[in-house]
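Everything below concerns the one structure shown next.
Just so it is clear: chains get the letters A, B, ... in the order the sequence lines come, proteins before strands, and each one is counted from 1. Treat the numbers as computed from the prediction; the structure is a model and nothing was measured.
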Amino acid sequence: MRVILKRIFNAIFLSFGISAVVFLLLRVLPSVSFSDLYLNPRLSDEAITRIKSSYGLDKPVLVQFFVWIKEIAMGNFGFSFIYRKPVIDCIFDAFLSTLIIGLPALIYSFGLGIVVGVQLARKKGKAIDKLVSSFLLILYSIPTFWVGIIFVLVFSNVLGFFPPSGLRSFNFSEMSFLEKIFDLFWHIFLPSFTLGIAPMSAVARFVRTHTLKVLSQTYVKMAKAKGLEERLIFYRHVLPNALLPVVTLFGLYLPVFLAGSVVVEEIFSIPGLGKLAIDSIFQRDYPLTVGITLFVSFIVILGNLISDILYTIFDPRIRLE
Amino acid sequence: MRVNQILFFLVLSLLLTLGCRKEVKRNYIVIGSTIDIDSFNPYLSTSLFTQDILDRVYLRLAVEHEDYRTFTPLLAKRWEWSKDSLQITFYLRNDVYWTDGVKTTAYDVEYSFKAATSPELAWLNAEDIVRNIEDVKALNETTLVVKYRYVYPYQVMDINDVWIIPRHIYEKIPFSEWRKNGFFDHNPVTNGPYKVARWERGQLIELVKNERYFDKNYPKIERVFVKIVPNESNLTLQFLNGEIDVLPSVSPSVAEKYEGSKNFKFVKYPHLAYEYIGWNQKNPIFADKKVRQALSYGINVDEIINVILKGNAVRSTSPFPSTFWAHNEKLKPYPYDIQRAKKLLSEAGWRDSDGDGILDKVIGGKKVDFKFTLITNAENQTRREVAVAIQNDLLKLGVKMEIQLYEFNTFMRHILDRNFDAVLSGWRIATKPDLSSLFHTEAIKSGHNIVSYSNPYFDKLNDSAAVLNNLASAKKIWDEIQEILYEDQPYTFLYEPVRINGISNRIKIETVKMNSISFLFNLHEWELR
């Protein structure tokens, strides 16, 4: 327990360090915030300076840095220029949308990935294995932005099964509770599916390889020699050992689902963390960019920690020290 | 067996769910957009799209028309000029109410003027209003007096630029706090034909009929959604599919491909904007007028328009677009003429002395090649293509041009620092003719004279024309000014893009007016078929 606490403590410091670097880097970059103001040829420099000072951007970088630290201490994480509210509120709202897409994607990509991987390992060398394995490789290789837009074209535009974008129907507020639930699932299907495709194929191929590795171990041969039933060997002795490395993969992929995907959120118009991050960067909303960096780096570090903890649970030989 | 069962249930549930989807009667229209609006507080918005939407929910004193000179009554029933023209008295309608039931009065306008000119708020468009309008005073609920500092042609236009906001709501928060306050974005109180029913950031805006609107005949379409889809391909697919009824700013290639569809039409109109190449005269290569003229002769703009823009643009000859009243019609675009360009370059001392195919010249005792870098912003696909076309054209003259693409904010930084050789960019023009911010000598240091152009005669003429009250005589000076710029070519004026909007046939096209003021110019008059 103490080890875990220590790790979380470290995680906080590490992500803070990362965002401090991002904070300073953003300000030395040769660019301007509120660049759209400069497009107005009639706007005087004076007016631009006034606008900047109202956001505190005219102060020296070091002063801005300390103001930012103060904001963090107050739990606001700074104040977003474009949304006119505390950064923490923006992140929280966006994180909810990201979760709605990310969690189902997480569940299906690992669930389906493991099932497919294991089945492929059992049918090693058969035509179906070769076919599905290569198909998985293709799925893993095609870029998400392409898959996403093809899905919209096929499932929404041609077949009309799913809505092409957004999280809710126009008449969401007039629906009954059950209809709302359904409407939500109906909307998140395509984005979740798109988001989970690459991880799913990665997990499936990973599981297949590891199951095969375990299958070739001597203790499996020993069990077979003892005359144990094939199914029993597979599910009791092979699977637990084969799935152990998946835990690492879980830790690695957690941020993919929880930190928001820029591509998927852009295609399907999901107001999540990825979209928020991109908007904040393009509009040079410094506090928001840094806030998101802080949050995302924390999630990444947390993902690692979770996979380490899971390891100790699944593999009694390993201890967190 | 088990797999089959699972599959069966999956298909069954899918069919069931698809079956119980309620088909909503479509008595509404959906406007698509890749971007969201900034705010419902008009004084905090920067984007044109935000203005398009806000003009549907807030009333101005008058309606500005496409010629930028005609104004028809809206909130003001009529207005009277004082004898010396330094004062206009506006008589407001007595039957306009805010959505919360409070009456819209002249006191709201008076307060709005205070907001517009407040230095703490630092409104984007405050400059002209602060400079030109002395005071706005409400005499009673319906009478408003506007005092000007001097007489000039755009007096109605300036006061009409002031957004009228509900004093009783906005007063609660001091001007200095506005930029940090999201308060105005929740349930905005408005007085236009539409009111805001919902705003889900990054998702949708719902506008519904304002029951309190003074003209009970409008709006004809009672419910309007703005659907925000950041991905352009997805947005276009939804328009082609009929999910979206209005698609602003369609790319020329999409419009060309789907022209003639029976489900939608494309509406085209000139945009008050132009694209140009700015030659930074701080670079000694471009300091010579002959070189700039040669480059203008050496770029095949007609081909750019035909191939890249599929004909959806007009040649530009001056900083005033061809539909603008101050435009000089006598100017003909620089023709594509390689021989003339080469001749001008050799007159300016550029020749290929070392035979490497690139022109050179001895400047300051050193031999320099005619090489430079053109910068533009990476997000703009059209500009990227145009840059490459220009690169090819100039190579035929023996001029080597590199292209450097920057992300928008970085691009702006380079322009503001005058840190470039040549820039491919565009201006959206203000509705008043004044070129001082672009080409005046005084604007080199701090304004938008990014190419550091300086011509004392131009300065003098521009200063006199900008304040001239008689538009007919002002036009004569503007014509001369444009001739000077045409001769000097501080920019190579490329083209004025044509804006293309898609509109579904569900909407009666004859009721729709789209123009350079807004693509939703008369949204409240649109009717469904």
Set out, in order, the CA-CA distance, both residues' side-chain angles and the distance that settles side-chain hydrogen bond (donor to acceptor under 3.5 Å, both in side chains) for B:Ser47 and B:Thr50, then state yes or no.
CA-CA 5 Å; B:Ser47 78; B:Thr50 310; 2.5 Å; yes
When you check the gap from the basic side-chain N to the acidic O, do A:Glu265 and A:Lys275 get nearer than 4.0 Å?
no
Determine the minimum heavy-atom distance between B:His448 and B:Trp427, stating which atoms define it.
CD2-CH2, 3.3 Å
Write out, in numerical order, the residues from residues 90-98 of chain A with a heavy atom short of 4.5 Å from a heavy atom in chain B.
none
Contacting moiety of A:Phe170, where chain B heavy atoms sit under 4.5 Å:
both
Please state whether the rings of B:Phe239 and B:Phe264 are parallel, tilted or perpendicular, taking 30° and 60° as the class boundaries.
tilted
Between A:Ile281 and chain B, which part of the residue has a heavy atom less than 4.5 Å away: side chain, backbone, both or neither?
backbone
State whether B:Asp245 and B:Arg26 are salt-bridged, where the test is any N-O pair (Lys NZ or Arg NE/NH1/NH2 against Asp/Glu carboxylate O) under 4.0 Å.
yes
Side-chain contact test, heavy atoms from C-beta onward, threshold under 4.5 Å: evaluate it for B:Ile37 versus B:Ser45 and give yes or no.
no
Interface moiety of A:Leu153 toward chain B, non-hydrogen atoms closer than 4.5 Å:
both
What about B:Phe184 and B:Phe40, are their ring centers closer than 6.0 Å?
no
Begin with the C-alpha distance, continue with both residues' side-chain angles, and end with the deciding distance and a verdict on side-chain hydrogen bond (donor to acceptor under 3.5 Å, both in side chains) for A:Ser280 and A:Thr289.
CA-CA 6 Å; A:Ser280 76; A:Thr289 312; 3.1 Å; yes
Can you tell which of A:Ile149, A:Ile270, A:Asp183 has the highest number of heavy-atom pairs within less than 4.5 Å of chain B?
A:Ile149
Given heavy-atom pairs under 4.5 angstrom as the criterion, report whether the side chain, backbone, both or neither of A:Phe185 touches chain B.
neither
Engaged part of B:Leu240 at the chain A interface, taking heavy atoms whose separation is under 4.5 Å:
neither
Counting heavy-atom pairs under 4.5 Å with chain A, the top scorer among B:Arg198, B:Glu232, B:Glu379 is B:Arg198
Tell me, for B:Asn449 versus chain A, whether the close heavy atoms (under 4.5 Å) come from the side chain, the backbone, both or neither.
neither
Only counting residues at least two apart or in another chain, list the ones meeting side chain to side chain donor-acceptor pair (under 3.5 Å) with A:Arg122.
A:Tyr235
Is it the side chain or the backbone of B:Leu204 that comes within 4.5 Å of chain A heavy atoms, both, or neither?
side chain
Which pair of heavy atoms, one from B:Gly278 and one from B:Tyr491, lies closest together, and at what distance?
CA-CD2, 3.7 Å
Residues B:Asp128 and B:Arg131 bridged, charged N to O under 4.0 Å
yes
B:Glu243 portion near chain A, given a 4.5 angstrom heavy-atom threshold:
side chain
